[in-house]
2 protein chains.
Amino acid sequence: MMATVLQSTAPPKRTRNTVQRRAVLCAVRALGDSHPAAADVFAHLRETAPGLSLATVYRALDALVSQKEIGRDFVANIARYDVSATPHHHTVCRVCGSVSDLNAPLPAATVRRLQNAANGFQLDLDAVQFSGVCATCRAAI
Amino acid sequence: MMATVLQSTAPPKRTRNTVQRRAVLCAVRALGDSHPAAADVFAHLRETAPGLSLATVYRALDALVSQKEIGRDFVANIARYDVSATPHHHTVCRVCGSVSDLNAPLPAATVRRLQNAANGFQLDLDAVQFSGVCATCRAAI
DNA sequence: TTCCATGCAAACGTTTTGCATTTCG
DNA sequence: CGAAATGCAAAACGTTTGCATGGAA
């Protein structure tokens, strides 16, 4: 049903420090906390580093994620990238799709309670994806 | 950056009770708590109701979601469907991609705490997506 | 009789891949 | 030098859509 490995358990791979890879990292940082998709990174690089190919952007993003240089989240059929590789919560607006960080660690008691109910599933309770409606979309209704 | 509406605010639409739509609902129920993707539903229907087209499966699934007859979740670039439309938490294994239900309501104090930190974002705290590693994949390491 | 739903095929947006070439280390 | 990264184009993948036809209400 699902053969794709979402996160490999393979050992870290030796990578190269190329102009393109640096440009991609730079672009993700420039786009800041907007949690850009690959297409957004590519669009940004059209100005910053023209001539760079989309395939390279994808490969560089993958490499940067593997090296834990940046983070990645899947939202509604699209991969979104994150300046910070440090685990943290995210909110996803189910109306406009915007992604934001949520800084509020779960209380230890809640963590225990959830992990207890998880039935052998090891929860990443420092990186939870919350859904909902953002302030802007809420105001627009 | 993201124009697609993840959840419409439009009023419910009048729909028709067709053989195909009933078959799709039946298939989702037959597949139970495995949280099947559209392709899984289609594969199941190849036996149950041959001749049914993939496009119809997609349209039926969409309709059933709109009518809140079934649930939908987006996991790593693929839509997964849920027998139950009642909001509940999910766990997503980041190794094998399997999806399961997690029955453990967040404590009221935690709900308050999170909603407070959300900065105007209205959180759906009864339908949270937790990531992690399932028991099977954990054992396989 | 009215439209909503269907089947088919083609299109779509996102992501991956094959291959010849370049470039880092 | 050798391994890894690049550009390009083509393909793969999940999903949506246009259109002529069929069927529920």
Side-chain angles (χ1 to χ4, degrees), chain A residues 1-8 10-25 27 35-46 48-67 69 72-81 97 99, chain B residues 1-8 10-25 27 35-46 48-67 69 72-81 97 99:
Chain A
M1 171 189 284
M2 161 76 70
T4 314
V5 173
L6 301 184
Q7 186 192 73
S8 89
K13 217 179 83 175
R14 212 173 67 82
T15 67
R16 238 170 234 187
N17 184 15
T18 63
V19 190
Q20 294 87 341
R21 199 155 295 187
R22 260 177 280 131
V24 168
L25 178 54
H35 301 82
D40 301 316
V41 174
F42 184 60
H44 181 88
L45 288 165
R46 299 286 306 173
T48 312
L52 197 145
S53 99
L54 180 57
T56 299
V57 172
Y58 272 102
R59 283 188 275 232
L61 287 170
D62 273 2
L64 291 166
V65 169
S66 305
Q67 299 168 218
E69 203 69 45
R72 171 162 58 188
D73 264 273
F74 295 102
V75 176
N77 286 347
I78 295 177
R80 308 277 296 250
Y81 298 86
V99 179
Chain B
M1 168 189 282
M2 161 77 69
T4 314
V5 172
L6 302 184
Q7 186 193 74
S8 89
K13 219 179 82 175
R14 212 174 67 82
T15 67
R16 235 168 236 188
N17 183 15
T18 64
V19 189
Q20 293 86 345
R21 200 155 294 186
R22 260 176 280 132
V24 169
L25 178 53
H35 301 83
D40 301 316
V41 174
F42 185 59
H44 181 87
L45 288 166
R46 299 287 304 175
T48 313
L52 196 146
S53 100
L54 181 57
T56 299
V57 171
Y58 272 103
R59 283 188 276 232
L61 288 169
D62 273 1
L64 292 167
V65 169
S66 305
Q67 301 168 217
E69 201 72 43
R72 170 162 59 190
D73 264 273
F74 294 102
V75 175
N77 285 348
I78 295 178
R80 307 276 295 249
Y81 297 87
V99 179

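Note on naming: letters A, B, ... go to the chains in the order of the sequence lines (proteins, then strands), and numbering restarts at 1 for each one.
A distance of 7.0 Å separates CZ in B:F42 from CG in B:L52, rounded to the nearest 0.5 Å. For the atom pair CZ (B:R22) and CG (B:L64), the distance works out to 12.0 Å, reported to the nearest 0.5 Å.
Of the residues listed (B:V75, B:D40, B:D73, B:V99), the one engaging B:H35 in a side chain to side chain contact (heavy atoms under 4.5 Å, CB included) is B:V99, and it is the only one.
Contact record, B:G97 with B:R80: O-NH1, 3.3 Å, taken as the closest heavy-atom pair.
An OP1 or OP2 oxygen of C:dC4 is reached within less than 4.0 angstrom by no side-chain nitrogen or oxygen of B:R21. The shortest distance between the side-chain N/O atoms of B:Q20 and the OP1/OP2 oxygens of D:dG23 is not below 4.0 Å.
Note on A:R72 versus A:D62: salt bridge recorded, some NZ/NE/NH1/NH2 to OD/OE distance being below 4.0 Å.
Atom pair A:F42:CZ and D:dG7:P shows a separation of 9 Å (rounding to whole Å applied).
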>> How would you summarise protein contacts on nucleotides 15-25 of chain C per nucleotide, using B for base, S for sugar-phosphate only and - for none, with heavy-atom distances below 4.0 Å?
In response: BBBB----BBS
